[in-house]
Amino acid sequence: MLTAYDYSMAKIVDAAGIDVILVGDSASNVMAGHQTTLPVTLDQMIYHAASVVRAVERSLVVVDLPFGSYQGNSKEALHSTIRIMKEAGAHAVKLEGGREVKDSIERILTAGVPVMGHLGLTPQSIYKFGTYVVRAREEEEAIRLIEDAKLLEATGCFSIVLEKIPAMLAKKVAEEVKIPVIGIGAGSSVDGQVLVLHDMLGLTHQFNPRFLRRYMNLFDDIKDAVGKYIQDVKSVDFPNDNERY
Ligand code: KIV
């Protein structure tokens, strides 16, 4: 699984053969430059998701329910989900949390919408955690996380994302539940991996967690290309005789 938030990137990622595209609320950081995922709105998520869906020919498109669009009550969660499904044409939604969002998951499922869970570091709760460090190192939190994973499975989630938890704990969760467990900073003993596309392509420079593998350095490549374009325009090398009408 990889994230995408727009038509052009989604087209490439889909063509490359990815199984799942996540229209993550990380759009708040990556696309809009916010410090956290909290500011992105439901309308903005729908705009991103609709652009992605228009590009996709084969991948499953999962869309994050943004902060404030589902925590109020299960009715609000269903209402937000229905907007995402109707207005964007998404295939499934993802939401953060365990037992505290059980009622919302149940209600969304009764409307026939597949739900992906998200446990461990849940960035929408950053002001409760106070930091983006690894979660569930302590036994009490680890036990609660395993219980929540089982509960998400029993409630009917089709998959769970585990973010930034010890690899041994992620392995245990993957052994305890049958649904696919997708890790980010959770080691390799899970069923799949997810990364933020802009991070793995090196479009972003500021974010350097240990779990991130950069496959390209697009920040520098694009900067160089833009620099060359500026130079060519200033020197009137561009456009040349073949590049005009
Ligand atoms: O918003 C997002 O990109 C995510 C992934 C990091 C799993 O939730």
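All residue numbers in this chain count up from 1 along the given sequence. Whatever order the structure lists ligands and atoms in, that order sets their numbers, starting from 1. Bear in mind the structure is a predicted one, so any value in this text is a computation, not a measurement. Both backbone and side-chain heavy atoms feed into the values below; hydrogens, waters and symmetry mates do not.
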Do V23 and D64 come close enough that some side-chain heavy atom pair is under 4.5 Å? no
Got the closest protein heavy atom to atom 3 (O) of ligand 1, with its distance? S26 OG, 2.5 Å
Could you list the atoms of ligand 1 found under 4.0 angstrom from a heavy atom of V196? 3 (O)
Would you say K94 touches ligand 1, if touching means a heavy atom closer than 4.0 Å? yes
Within ligand 1, which atoms have a heavy atom of L22 less than 4.0 Å away? 2 (C), 4 (C), 5 (C), 7 (C), 8 (O)
Numbered atoms and elements of ligand 1 in range of G24, under 4.0 angstrom, heavy atoms: 1 (O), 2 (C), 3 (O)
Do V190 and I182 touch side chain to side chain, with heavy atoms closer than 4.5 Å? no
Please list, in number order, the atoms of ligand 1 under 4.0 Å from a heavy atom of H118. 8 (O)
Would you mind listing which atoms of ligand 1 come within a distance below 4.0 Å of any non-hydrogen atom of T3? 3 (O)
Determine, using heavy atoms of E96 and all atoms of ligand 1, whether some pair is separated by less than 4.0 Å. no
If you count every heavy atom of other residues, nucleotides or ligands that lies below 6.0 Å from R213 atom CZ, does the total exceed 12? no
Per-atom contacts of ligand 1 with D64, taking only distances under 4.0 Å to non-hydrogen atoms: 1 (O), 2 (C), 8 (O)
Nearest heavy-atom contact between V93 and V62 is C-CG1, 3.9 Å
Ignoring hydrogens and angles, tell me if any N or O in the side chain of S59 forms a donor-acceptor pair with the backbone of I18 under 3.5 Å. yes
I'd like to check E96 versus Y70 (side-chain heavy atoms, cut-off strictly below 4.5 Å). Are they in contact? yes
To check your reading of the model: name the closest protein heavy atom to atom 6 (C) of ligand 1, its residue, and the distance in Å. I184 CD1, 3.7 Å
Using atom types as modelled and distance alone, determine if a side-chain donor or acceptor of T204 lies under 3.5 Å from a backbone N or O of F207. no
Using a strict cut-off of 4.0 Å, indicate which atoms of ligand 1 neighbour a heavy atom of D25. 1 (O)
Considering only heavy atoms from C-beta outward, does the side chain of Y7 approach that of V52 to under 4.5 Å? no
